[in-house]
Amino acid sequence: MLEKTFDPKSAEPRLYAAWEASGGFSPIDDPAAEPFSIVIPPPNVTGQLHIGHALNNTLQDVLIRFERMRGKAALWLPGTDHAGIATQMVVERQLAEAGNQSRRDMGRDDFVAKVWEWKAKSGGAIVNQLKRMGASCDWSRERFTLDEGLSAAVRKVFVNLYQQKLIYRDKRLVNWDPHFQTAISDLEVEAREVDGHYWHFAYPLEDGSGEIVVATTRPETMLGDTAVAVHPSDQRDKAMVGKAVRLPIVGRPIPIIADEYPDPEKGSGAVKITPAHDFNDFQVGKRHSLPMINIFDDFAKLNDNVPVAYRGLDRFAARKKVVEEFEALGLLREIEKTRHTVPHGDRSGVVVEPYLTDQWYVNAEVLAKPAIKAIEDGSTVFVPKAWEKTYFEWMRNIQPWCISRQLWWGHRIPAWFGPDGKIFVAETEAEAKNQARELYGRDEPLRQDEDVLDTWFSSALWPFSTLGWPENTEDLRRFYPTHTLVTGFDIIFFWVARMMMQGIHFMDGQVPFKRIFINALVRDAEGKKMSKSKGNVMDPLELVDDYGADALRFTLTAMSGQARDIKLSRQRIEGYRNFGTKLWNATRFCQVNGCERAAGFNPATVKNPLNRWIVGETTRAARAITTALDGCGFDEAAGGLYRFIWNQFCDWYVELAKPLLNGSDPAAKAETQATAAWVLDVMCKLLHPVMPFLTEELWGQTADLGVPRDHKGFLMMAPWPDLPPSLIDPAADAEIGLIVETISEGRSVRQELNVPASAKPALLVVETTPAQRAIIEASAPLIAQLLRVSEITFTDTAPDGSIPFVVEGATFALPVAEFIDLTAERARLTRDVGGLTGEIAKLSGKLGNADFVARAPEEVVEENRERLAEAEGAKAKLESALKRLEAAG
RNA sequence: GGACGCGUAGCUCAGCGGGAGAGCACCUCGUUGACAUCGAGGGGGUCACAGGUUCGAUCCCUGUCGCGUCCA
């Protein structure tokens with residue numbers, strides 16, 4: 001017999017190992033099977049599984065298990081990302097903590113070797129954590145963005161795009177992260193609002209005729225000023241245009257120019273221009289051919305282009321010194337407090353500097369066009385659809401993508417420089433040398449670009465590089481385009497958009513995936529984003545330890561509704577753990593009661609109404625869940641499972657089946673046992689994608705009950721239920737519906753009037769239709785048991801002091817006068833009559849409205865008429881009962 | 001500043017043109033066993049506010065207020 005509860009701790013590792021060993025995670029070989037593929041959003045190889053991963057991967061696993069059971073060749077392709085900055089950062093920090101040499105002291109080769117070492121040590125962790133969640137990835141196909149095959153793909157893409165002039169080298173301002181000493185892309189810059197100041201500086205005119213005041217939030221940049229600009233329409237300063245000011249501290253004369261950029265309404269109307277350190281000023285500088293004076297080094301310390309006293313100073317120290325010096329010179333006019341946004345590196349958290357360097361860029365605008373079209377024409381769809389707006393918004397305004405990073409951990413850029421600075425881009429060094437030899441006419445020493453590529457450059461290739469591209473592999477032919485991408489909205493720009501661009505460009509216009517499901521963001525119970533600094537992170541593995549993977553999976557699935565963020569609480573997980581236990585125990589009950597699979601059982605031919613009803617309900621549930629999963633309606637699927645298994649099967653079917661299982665009709669008993677066994681098998685299948693462990697365990701433990709199943713192996717591989725609507729029997733629905741309602745109403749009356757649970761009055765059936773009477777007669781023992789009444793009696797009039805209730809127009813009464821409190825009963829009847837009166841007023845008002853009757857659809861009008869009639873009937877019955885009660889009391 | 005989303009029971013959320021729902025929390029009761037990780041019953045909501053469209057609005061439109069996110 002089954003244990004009292006499911007034990008995830010022992011079952012999960014055992015079942016996972018068995019699944020994996022069975023080879024069932026790999027797509028089936030059948031060439032006729034429709035392919036269904038998902039590529040995992042690769043987690044950082046050295047990362048730890050957080051709750052967002054848990055959600056994202058649960059949903060993917062639900063989909064892949066569902067489609068696998070539907071008979072498709074289901075491939076969930078896993079892998080990890082080398083995560084350039086993040087990983088390099090971790091290793092550098094570790095070196096520092098261990099008191100080791102710094103990266104720079106160590107040198108590139110040794111450092112990279114260290115990172116590989118760290119990857120080898122910690123790289124398996126996240127994979128094992130995914131396994132603990134039950135992720136049925138095909139581990140035999142696992143990839144890593146820096147493995148040999150993917151690196152080859154990266155080189156090929158780079159070279160091709162370069163040849164197509166879609167990758168180019170350019171000197172322009174980039175976002176420079178002084179902490180990592182690398183360029184970062186626009187997306188990696190986070191605008192943070194901070195308190196700051198406007199310092200108003202006076203720049204004296206060179207001819208001594210006065211001064212011009214400029215305001216800045218970054219005083220240190222004045223050391224690199226090469227002009228002062230005023231708006232051409234600005235009357236105050238018009239006379240000054242063409243003159244020059246002498247830049248204080250530096251002593252350099254710089255021109256006053258007229259340009260559209262300054263806002264004449266703001267401050268003095270004049271702005272200082274630092275073309276090498278401000279994106280707007282850079283444009284002004286270009287328009288006016290101003291010198292661009294770079295005043296920083298890679299660490300954002302001041303370089304030799306500034307006066308001696310400033311050289312080597314940190315930018316913030318320099319800021320202070322500049323302000324002090326202006327004050328000392330008597331040129332500080334005003335200090336104004338302000339709140340403004342300042343760009344910060346998303347990884348480093350330090351203030352990012354616009355910095356003039358040579359970098360590699362992708363001409364994203366060209367690649368974006370077909371990627372936009374693919375969404376417009378529906379080749380790829382977003383679920384929920386609303387996210388396409390976000391996608392379009394960004395894609396239609398896309399900027400050149402800076403892809404070079406001054407890091408060591410990543411794909412080294414396949415470009416070599418000749419002695420004269422000439423660039424040779426090739427997939428191999430040998431090829432670059434050939435190109436050089438051709439150009440120079442002899443071998444010249446080449447120097448490979450020191451930089452590596454943005455991590456997202458390689459992740460952009462993930463949907464095809466992992467399938468073997470650039471080789472024309474069988475996997476690539478079979479599984480590209482992938483079917484569904486499941487990911488978070490926070491990386492629509494970073495990743496999704498770029499996969500669309502690269503996928504379409506390199507795969508002959510074929511999109512990388514047909515559907516993009518954007519999952520919600522997980523937050524804590526207070527709705528705050530989980531973060532280590534807030535100390536509110538929930539460790540999914542801890543939750544798995546405490547409640548089992550299935551409970552966590554069900555919770556995440558149930559809460560994955562699309563419009564909102566998920567606020568996760570332990571209480572909720574506990575509730576779904578209980579749900580699993582409920583099914584477990586229902587199975588246990590069935591087992592104890594001899595519910596076994598019967599030879600030749602056919603759900604279409606069961607006789608007993610209860611069994612016909614549950615077959616119908618099972619069919620409805622199966623169809624609803626299938627539809628939901630098919631459309632990524634994960635929360636709907638979970639809700640459907642919950643209601644079906646708990647509220648229908650456990651609460652009603654099992655309870656109503658008890659008399660049959662203990663009864664004297666052997667045919668009904670046998671049929672009920674067989675039906676229950678059949679429903680249990682279907683439930684296991686339907687629940688399996690969400691709760692794979694518990695269901696697989698139940699499947700295994702009930703394998704020997706009755707005749708063997710058609711499907712012999714793991715539940716994981718069992719065929720998904722395909723139940724025709726013909727299994728739904730409206731007559732059985734009506735019959736069980738009346739019984740359920742009668743029991744519910746009767747219970748309600750008992751409890752509200754405080755009839756002791758131990759009391760067993762009779763149930764009087766006062767007035768019914770013949771059909772209702774037949775149903776009640778046939779199910780009398782059943783109703784009697786569940787309503788805890790001694791017998792069911794048909795009578796024409798309810799005796800004095802009996803308590804009436806109305807179900808579907810039928811009148812019942814409970815003769816429980818001796819137990820009850822007249823006041824409570826009067827209150828109950830008065831309340832119910834009041835409720836009905838309100839409903840009647842509403843309905844008759846509606847039906848009295850000629851417009852409503854004329855314009856509303858026929859069935860709506862009819863439905864309202866029926867409701868009115870029923871309410872009026874019920875009200876009359878309860879009113880007469882109330883009158884009798886008044887007379888008696 | 002621009003865009004999007006959200007304001008429904010104490011909490012978390014579903015519903016999104018025709019009878020206000022679920023889970024949790026709360027209150028009452030609990031019978032000789034599938035399950036106390038449980039069962040039965042109950043209380044609790046002018047569906048943010050103001051207009052409009054409609055025979056009819058929680059649902060559609062407009063505006064206001066509040067909250068959130070993304071982009072500048």
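Here the separation of B:U37 from B:C4, taken at their C1' atoms, is 42 Å to the nearest Å. Across the P atoms, B:G44 and B:G5 are found 36 Å apart, a figure rounded to whole Å. Taking atom P in both B:U58 and B:A50, the straight-line distance is 12 Å, to the nearest Å. Comparing the C1' positions of B:G18 and B:U54 gives an interatomic distance of 12 Å, to the nearest angstrom. Across B:G41 and B:A22, the matching P atoms stand 12 Å from one another, rounded to whole Å. Between the P atoms of B:U64 and B:G2, the separation comes to 12 Å (whole Å). Taking atom P on both B:G15 and B:G52, the two are 29 Å apart, rounded to the nearest angstrom. Between the C1' atoms of B:A57 and B:U8, the separation comes to 14 Å (whole Å).
Atom P of nucleotide B:G5 and atom NZ of A:Lys385 are separated by 12 Å, given to the nearest angstrom. In this structure, A:Gln591 atom CD and B:A34 atom C1' are separated by 10 Å, rounded to whole Å. Summarising the geometry, the separation between CD on A:Glu193 and P on B:C71 is reported as 15 Å, rounded to the nearest angstrom. If you take CH2 of A:Trp394 and C1' of B:A3, they are 16 Å apart, rounded to a whole angstrom. In this structure, CZ of A:Phe589 is placed 19 Å from C1' of B:U37, rounded to the nearest angstrom. Spacing between atom CD1 of A:Ile492 and atom P of B:C4 amounts to 15 Å, rounded to whole angstrom units. For A:Arg339 and B:G1, the CZ to P distance is 15 Å, given to the nearest whole Å. Taking atom CG of residue A:Asp490 and atom P of nucleotide B:C71, one finds them 10 Å apart after rounding to whole Å.
Residue-environment remark: CG (A:Asp704) stays at or below the threshold of 12 foreign heavy atoms within 6.0 Å. Taking a 6.0 Å sphere around CZ of A:Arg347, one finds it holds 12 or fewer heavy atoms contributed by other residues, nucleotides or ligands.
Residue A:Val860 is classed as a base contact, given a heavy-atom separation below 4.0 Å to a base. In this structure, A:Cys650 reaches the bases: a heavy-atom distance under 4.0 Å links it to at least one base atom across the strands shown. Within 4.0 Å (heavy atoms only), A:Arg588 reaches sugar-phosphate atoms of the nucleic acid but no base atom. Using a 4.0 Å heavy-atom cutoff across all strands shown, A:Arg577 reaches at least one base atom of the nucleic acid.
Closest to the A:Arg788 side chain, of the nucleotides B:C71, B:U31, B:G41, is B:U31. Closest to the A:Gln751 side chain, of the nucleotides B:G42, B:A36, B:G41, is B:G41. Side-chain proximity of A:Lys4 to the nucleotides B:U31, B:G19, B:A36 is greatest for B:A36. When each of B:U69, B:A72, B:U31 is scored by its nearest atom to the side-chain atoms of A:Phe489, the top-ranked nucleotide is B:U69.
Counting heavy atoms from C-beta outward, A:Trp652 and A:Ile736 have side chains that stay 4.5 Å or more apart. By the 4.5 Å heavy-atom criterion applied to side chains, A:Arg172 and A:Pro400 are counted as neighbours. At least one side-chain heavy atom of A:Leu787 sits less than 4.5 Å from a side-chain heavy atom of A:Arg747. A:Pro8 is not listed as a side-chain neighbour of A:Asp550, based on a closest heavy-atom distance of 4.5 Å or more.
Residues satisfying the side chain to side chain contact (heavy atoms under 4.5 Å, CB included) criterion with A:Asn585, sequence neighbours excluded, are A:Thr581, A:Arg588. Listed by chain and residue number, A:Tyr391 satisfy the ring-ring contact (aromatic ring centres under 6.0 Å, His included) test with A:Phe382 (two or more places apart in sequence, or in another chain). For A:Val352, the side chain to side chain contact (heavy atoms under 4.5 Å, CB included) criterion is met by A:Asn175, A:Ile184, A:Pro343, not counting sequence neighbours.
In this model, the phosphate group of B:C70 is not approached by any side-chain N or O of A:Lys389 to a distance below 4.0 Å at OP1 or OP2. Between B:G18 and A:Asn864, no contact under 4.0 Å exists linking OP1 or OP2 to a side-chain N or O. Distances shown here put a side-chain N or O of A:Ser748 below 4.0 Å from the OP1 or OP2 atom of B:G42.
Ring geometry for A:Tyr642 versus A:Phe554: interplanar angle of 30 to 60°, hence tilted.
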Between protein and nucleic acid, restricted to nucleotides 20-25 of chain B and to nitrogen or oxygen atoms under 3.5 Å apart, what atom pairs and distances do you find?
from, atom 1, to, atom 2, distance (Å)
B:C24, O2', A:Gln571, OE1, 2.7
B:C24, O2', A:Gln571, NE2, 3.1

Between the protein and nucleotides 55-59 of chain B, list every N/O to N/O distance that falls short of 3.5 Å.
from, atom 1, to, atom 2, distance (Å)
B:C55, OP1, A:Arg855, NE, 3.2
B:C55, OP1, A:Arg855, NH1, 2.1
B:C55, O2', A:Asn849, ND2, 2.9

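Remark: RNA chain B forms stems of 3 or more consecutive Watson-Crick or G-U wobble pairs, all pair distances under 3.5 Å, at B:1-7 with B:65-71, B:10-13 with B:21-24, B:26-30 with B:38-42, B:48-52 with B:60-64.
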>> Show, in sequence, the C-alpha distance, side-chain angles and deciding distance for A:Glu872 and A:Lys875, and conclude whether the salt bridge (Lys or Arg N to Asp or Glu O under 4.0 Å) test is met.
In response: CA-CA 5 Å; A:Glu872 279 171 339; A:Lys875 187 187 170 191; over 6 Å; no
> Do A:Tyr653 and A:Val679 pass the side-chain contact (heavy atoms from CB on, under 4.5 Å) test, and can you show the C-alpha distance, the side-chain angles, and the key distance before you say yes or no?
Replying inline: CA-CA 10 Å; A:Tyr653 180 74; A:Val679 176; 5.6 Å; no
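At a cut-off of 3.5 angstrom, the base of B:A34 holds at least one donor-acceptor pair with the side chain of A:Glu655.
At a threshold of 4.0 Å, the pair A:Asp733-A:Arg620 counts as salt-bridged, since one of the basic side-chain nitrogens sits closer than that to a carboxylate oxygen.
Nearest-nucleotide assignment on RNA chain B puts the 5′-proximal partner with A:Asn578, out of A:Asn578 and A:Ile743.
For the residue pair A:Asp7 / A:Ser10, a side-chain donor-acceptor distance below 3.5 Å is found, with atom types taken as modelled.
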